Protein chains: 2
Amino acid sequence: MGHMTTESKAAGPALPASPPLTERQEARRRRILHTSAKLASRGGFDAVQMREVAESSGVALGTLYRYFPSKVHLLVATMQDQLQHMHETLRKRPPSEEDPGARVAQTLMRAFRALQREPHLADAMVRALTFADRSVSPEVDTVSRLTTAIILDAMAPPVAHPPSKGPARPAVPPTPEQLSAVRVIEHTWHSALITWLSGRASIAQVKIDIETVCRLIDLTAPGRTQDRHPPSA
Amino acid sequence: MGHMTTESKAAGPALPASPPLTERQEARRRRILHTSAKLASRGGFDAVQMREVAESSGVALGTLYRYFPSKVHLLVATMQDQLQHMHETLRKRPPSEEDPGARVAQTLMRAFRALQREPHLADAMVRALTFADRSVSPEVDTVSRLTTAIILDAMAPPVAHPPSKGPARPAVPPTPEQLSAVRVIEHTWHSALITWLSGRASIAQVKIDIETVCRLIDLTAPGRTQDRHPPSA
DNA sequence: CGGTAATCTAGAACAAGTTTCAGAACTGAA
DNA sequence: TTCAGTTCTGAAACTTGTTCTAGATTACCG
């Protein structure tokens, strides 16, 4: 289970950079991801069966495995896809709060509410994410970067004039302490999602946890004195 | 994958309360858990193969499934077992720091160093824990309670006189804010472990994350004014 | 001791992820 | 257009978690 002999020398289409996909290949990839999300929306992780994904996408099983070398790869890629949509959606309606911590909490709660609308899909994606082993590290890392971007976007204070184009937030680079806080927030976000998905925590509990951890942001805001034990205890 | 028709009406031996296990049954259970930990120590999650666990424990496959209704159940039970050892070990050498946050960070770093000695075993247990679905909720909850107990133990200030017996820490009940902080610390603990196990974070990074989140404890210490956004934003 | 119900064993059988392979279809270059 | 190399297809095979069944063992009760 989980090897990889074929890949890695031929540089399969999974990497979005190496070989430029032809139009038909791009279409196949989209179809597969769409099917994956559709099946996941039904029954979660277990409902995404590779044979069914292949058949329903009009692709041979071997081809599916050429595009996504495992079920976990497929679901993590699906998550990348969904996260990008989410990022754009969230970017359109920036949080209304003032404090960075509150802004992040508000944004994450919006994302959480979006996930609640498709709990099975959320289940499939998050389970795949945390179940991924080393062979999926690059893809999981991409997801992590996307999540970080969402949080950093929310943290940045609202700008007065509408920016024209390009990636925002080159203005105030976050401090190392803030980056640590963001990492911890991501940890909490993922783990809280898991406890909610497995029915061990209520929605209210997730909200509390997110708001609790977001205090770290204000705590580490630049200009605030670090009164207690420094980074290396 | 993942049903459960047999169990739940007959109250299998998995529950430590319902039917008092006979001596031979207790021995079988121990043998199974031991084998599970041994195999996990080798190759992690994938190396724990149910047939091999059964054979190496000297029980039939069906019996293994009667004791542990799935591989995830087995590994979560293994984690319970290991955590109990860990708890006792940690209890013997309480942290030396003064601040509650620093005490918790120190304790978790000790636990982390213990896990580093058996990274494959840690991998198997943590992956099982986060992959567990609703059917494993009770067992996962037990693990969560154990973890909470370890953190609360560490948080409690050192006592002057040696307590004689019984569960400690009835002295100062933690505040709701502290309990929230503990929840967030657990989230961070699990998620940071995962990123380390999958090779996406270094040991140093885990240390930083733990120390960062443990500041929440001091932040929510009783007697400290809550200056920013209250629980319901 | 005999009987009955629960438990255990051995092994087949099934399900879904993954691999493999021979041949068809496609792509790009000469 | 034709050729060579890659990609895709269809189907079987393999792996490992899980379930099922028939018979042997064991535990308990009178």
Side-chain angles (χ1 to χ4, degrees), chain A residues 1-7 9-14 18-29 31-32 36 39 43-75 124 127-128 131-133 135-136, chain B residues 1-14 18-29 31-32 36 39 43-55 57-75 124 127-128 131-133 135-136:
Chain A
M1 243 193 210
H3 281 294
M4 259 210 312
T5 50
T6 306
E7 212 64 18
K9 61 177 170 184
S18 306
L21 298 184
T22 73
E23 202 165 321
R24 298 168 54 112
Q25 286 175 325
E26 189 58 47
R28 270 195 206 100
R29 200 186 133 87
R31 248 182 297 146
I32 293 173
S36 168
L39 291 181
F45 189 89
D46 291 336
V48 181
Q49 304 196 352
M50 297 304 269
R51 286 175 232 265
E52 195 171 349
V53 171
E55 189 180 358
S56 183
S57 305
V59 138
L61 189 57
T63 305
L64 172 56
Y65 273 96
R66 166 180 278 276
Y67 279 71
F68 303 97
S70 79
K71 173 170 173 171
V72 169
H73 281 84
L74 170 59
L75 285 173
R127 293 262 290 288
F131 192 60
D133 65 347
S135 71
V136 206
Chain B
M1 242 193 208
H3 282 292
M4 255 210 315
T5 50
T6 307
E7 213 63 20
S8 73
K9 61 176 171 184
S18 306
L21 298 184
T22 74
E23 202 165 322
R24 300 166 51 107
Q25 286 175 324
E26 189 59 46
R28 271 195 206 99
R29 199 187 133 86
R31 248 181 298 145
I32 292 173
S36 168
L39 291 181
F45 188 89
D46 292 337
V48 181
Q49 303 196 354
M50 299 302 271
R51 285 174 234 267
E52 194 170 349
V53 171
E55 188 180 359
S57 306
V59 300
L61 190 56
T63 305
L64 171 55
Y65 272 95
R66 166 179 279 276
Y67 280 70
F68 302 97
S70 78
K71 173 170 173 172
V72 168
H73 281 85
L74 170 59
L75 284 173
R127 294 260 292 285
F131 193 60
D133 66 346
S135 71
V136 205

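Labels below follow one simple rule: chain letters A, B, ... track the order of the sequence lines, proteins then strands, and each chain is numbered from 1. Atoms considered below: every heavy atom in the structure, side chains included; atoms not considered: hydrogens, waters and symmetry mates. What you see is a predicted model, and the numbers here were worked out from it, not measured in a lab.
- Between the CG atom of Leu61(A) and the C1' atom of dT7(D) there is a distance of 15 Å, given to the nearest Å.
- The separation between Glu52(A) atom CD and dG17(C) atom C1' is 14 Å, rounded to whole Å.
- Rounding to the nearest 0.5 Å places CG of Leu74(A) at 5.5 Å from CE of Met50(A).
- Per the geometry, CD belonging to Glu55(B) stands 13 Å off C1' belonging to dT9(C), to the nearest Å.
- Here dT19(D) presents its P atom at 11 Å from NE2 of His73(B), a figure rounded to the nearest Å.
- The CZ-C1' distance, from Phe131(A) to dA16(C), rounds to 14 Å in whole Å.
- Taking the ring centre of Phe45(B) as origin, the terminal cationic atom of Arg127(B) falls inside the region bounded by 6.0 Å and 45° from the ring axis.
- Remark: Lys71(A) is not positioned above the aromatic ring of Phe131(A), lacking an NZ or CZ atom under 6.0 angstrom from the ring centre and at most 45 degrees off the axis.
- Candidate nucleotides dT16(D), dT9(D), dG17(C) were compared by shortest atom distance to the side chain of Arg51(B), and dT16(D) ranks first.
- Here the nucleotide nearest the side chain of Arg28(A), chosen from dA12(D), dG17(C), dC8(D), is dC8(D).
- Annotation: of the two residues near DNA chain C, Val59(B) and Arg24(A), the 5′-most nearest-nucleotide partner is Val59(B).
- If you measure from atom CZ of Arg66(A) to atom P of dC26(C), you get 16 Å, rounded to the nearest angstrom.
- Across all strands, Val72(A) comes closer than 4.0 Å to no nucleic acid atom at all (heavy-atom distances).
- You'll find the side chain of Arg29(B) reaches within 4.5 Å of the side chain of Phe68(B), heavy atoms only.
- Within 4.0 Å (heavy atoms only), Val53(B) reaches no atom of the nucleic acid at all.
- Projected onto DNA chain C by closest heavy-atom contact, Gly62(A) and Met50(A) fall at different nucleotides, the more 5' of which corresponds to Met50(A).
- The nearest whole Å value for the distance from the CG atom in Asp46(A) to the C1' atom in dT18(D) is 13 Å.
- Listed nucleotides: dT18(C), dT18(D), dC8(D). Nearest to the side chain of Lys71(B): dT18(D).
- When all heavy atoms of Ser36(B) and Val48(B) are compared, the pair lying nearest together is O-CG2, 3.9 Å.
- Distances shorter than 4.0 Å separate none of the side-chain N or O atoms of Gln25(B) from OP1 or OP2 on dA27(D).
- Of all nucleotides listed (dT26(D), dC8(C), dT9(D)), dT9(D) comes nearest to the side chain of Ala60(A).
- Looking at the side chain of Tyr65(B), the nearest of the listed nucleotides dT27(C), dT18(D), dG17(C) is dT18(D).
- Mapping Ser70(B) and Leu64(A) onto DNA chain D via the closest heavy atom, the residue that lands nearer the 5' end is Leu64(A).
- Atom CZ in Arg31(B) sits roughly 10 Å away from atom P in dC8(C) (whole-Å rounding).
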